[in-house]
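Index from 1, following the sequence. Atoms within a ligand are numbered from 1 in the order they appear, just like the ligands themselves.
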Amino acid sequence: MPIASVNPATGETVQTFEPLDAAGIERRLARAEAAFHSYRGTPFAARAELMRRAADLLDRELEAVARTMTEEMGKPLAASRAEVAKCGKAMRWYADHAEELLADEHPAPADVADSGASRAFVRYRPLGPVLAVMPWNFPLWQVLRFAAPALMAGNVGLLKHASNVPRTALAIEELFQRAGFPEGCFQTLLIGSGAVEGVIRDRRVVAVTLTGSEPAGRAVAATAADEVKKAVLELGGSDPFVVLPSADLDAAVRTAVRARVQNNGQSCIAAKRFIVHTDVYDRFTAAFTAAMGALKVGDPMDESTDVGPLASRQGRDDLEELVEDARVHGARVECGGGRPEGWDTGWFYEPTVLTGITPAMRIHLEETFGPVATVYRVADLDEAVAVANDTPFGLSANVWTTDEAERERFVRDIQAGGVFFNGMTASHPALPFGGVKRSGFGRELSGHGIREFCNITTVWIG
Ligand SMILES: O=CCCC(=O)O
């Protein structure tokens with residue numbers, strides 16, 4: 001795919017970029033290595049000051065950055081603004097907490113003595129230049145939630161962003177430069193995916209983190225494994241949204257709609273499979289279908305738009321195929337199910353609700369990356385848990401119930417990296433984020449995220 005900023009609402013190419021040649025990549029890798037040698041020794045307070053300055057700049061330029069994102073990948077402008085604000089918050093959170101999260105750890109005195117030491121402790125030291133391979137769906141947030149902890153830990157970052165968000169990628173590099181981070185601390189590599197393997201194999205790159213598709217994750221992790229380098233993967237998700245009889249049904253319906261269509265339906269943690277107890281199935285499905293069908297699809301720059309275009313023609317075509325396959329195999333289309341009238345220029349798709357899903361349909365196991373919901377009827381709690389877990393993915397889950405025993409059942413048995421009760425899954429700087437099964441491994445955010453790219457060093461003194 002060429003590196004190009006194409007407006008998904010119009011199909012118009014806004015700007016194209018020449019990928020870096022071998023010499024350009026080499027210059028940036030050399031700069032990253034040199035930067036790490038000095039930056040790793042900077043005190044936390046100095047890093048925090050730079051990070052806060054970058055967050056202040058971002059706050060001041062929120063509107064411009066938000067408009068660039070909407071123009072590059074089509075999310076409604078209000079969602080872009082919220083994303084920029086969330087990044088500033090996470091940057092400040094790590095500026096405030098990194099030192100305490102990475103403080104030396106002291107084992108119990110009896111254990112120290114038992115190891116034969118007079119003193120022993122654990123120190124979290126930075127690793128070096130880390131490559132981040134990032135997706136277009138949250139073009140700022142996905143990068144900043146890597147960059148803020150990585151830079152606060154004393155690492156330096158190299159970004160290979162998705163090829164359709166180059167303007168956002170360059171804006172992030174400039175942001176850190178203008179905040180005063182030393183040259184080479186954070187660099188964008190405008191490269192195609194074919195050049196990623198060489199960068200991972202370069203001796204100066206010590207680790208890689210990827211958020212994106214399963215095939216991309218598999219390729220990146222395989223190269224990293226071959227080089228014996230650390231990898232963190234945050235891949236797809238097909239999160240269940242379980243509604244049990246004790247749920248506040250109005251609130252569940254309102255949240256279900258937001259959880260499905262956030263980011264035009266293109267979020268790994270969007271709720272995708274709605275699993276509803278038979279006692280409330282009819283009421284939930286009717287209200288959910290009505291609310292999905294009433295959403296306004298249109299220009300993402302228009303403040304009244306609920307759902308903008310999908311980010312690419314390929315994404316829209318893939319979604320269309322999944323729905324078609326379900327329809328052919330007997331699914332009922334409760335609302336939507338096609339391209340909206342009057343929006344022929346961009347890559348729009350109607351908010352869609354499908355029922356009557358069976359395992360014969362591709363959509364039963366594949367991720368729907370767009371505003372398409374599947375609804376399942378279940379007879380009891382056991383079946384709800386079984387259907388929720390009947391997916392190759394394991395990112396997060398949403399469960400609506402006020403019954404403590406039902407909650408405990410999900411905490412015990414759900415195969416996912418998170419479970420959110422009576423609400424929708426959302427990332428937060430203080431809470432770990434990541435999955436199990438084909439959703440990947442490792443964690444981002446919180447103390448777990450910042451420690452992923454540290455050399456956990458044992459210090460033993462005899
Ligand atoms: O696409 C997944 C990330 C979404 C988020 O962190 O809010």
May I have all residue pairs that pass ring-ring contact (aromatic ring centres under 6.0 Å, His included) and include part of residues 127-150, sequence neighbours excluded? Trp136-Phe369
Please report, to 0.1 Å, the donor-acceptor pairs under 3.5 Å made by any side chain of residues 442-449, with sequence neighbours excluded.
unit_1: Arg443; atom_1: NH1; unit_2: Gly435; atom_2: O; d: 3.1
unit_1: Glu444; atom_1: OE1; unit_2: Arg145; atom_2: NE; d: 3.2
unit_1: Ser446; atom_1: OG; unit_2: His448; atom_2: N; d: 3.2

Under 4.0 Å from any heavy atom of Cys268, which atoms of ligand 1 are there? 1 (O), 2 (C), 3 (C)
Determine yes or no for a side-chain-to-main-chain donor-acceptor pair under 3.5 angstrom, with Lys272 supplying the side chain and Gly237 the backbone. yes
Within 6.0 Å of CD in Glu49, more than 12 heavy atoms from elsewhere: no
Contacting atoms of ligand 1, where contact means under 4.0 angstrom from a heavy atom of Gln142: 1 (O), 2 (C), 3 (C)
Start with the C-alpha gap between Glu406 and Phe421, add the side-chain angles, then the distance that decides, and say whether side chain to side chain contact (heavy atoms under 4.5 Å, CB included) holds. CA-CA 10 Å; Glu406 288 177 351; Phe421 294 101; over 6 Å; no
Compute the centroid of each ring, for Phe274 and then for Phe288, and state whether the two points are separated by less than 6.0 Å. yes
Using a 3.5 Å cut-off on N or O atoms only, is Glu234 in polar contact with ligand 1? no
Considering only heavy atoms, does Asn137 approach ligand 1 within less than 4.0 Å through its side chain, its backbone, both, or neither? side chain
A student checking ligand 1 against Ile269 at a 4.0 Å heavy-atom cut-off should list atoms 4 (C), 5 (C), 7 (O)
Enumerate the atoms of ligand 1 whose separation from the nearest heavy atom of Ser427 is less than 4.0 angstrom. 5 (C), 6 (O), 7 (O)
Please state whether Arg145 comes within less than 4.0 angstrom of ligand 1, counting heavy atoms only. yes
Within the 4.0 Å heavy-atom shell around Phe138, which atoms of ligand 1 are there? 1 (O), 4 (C)
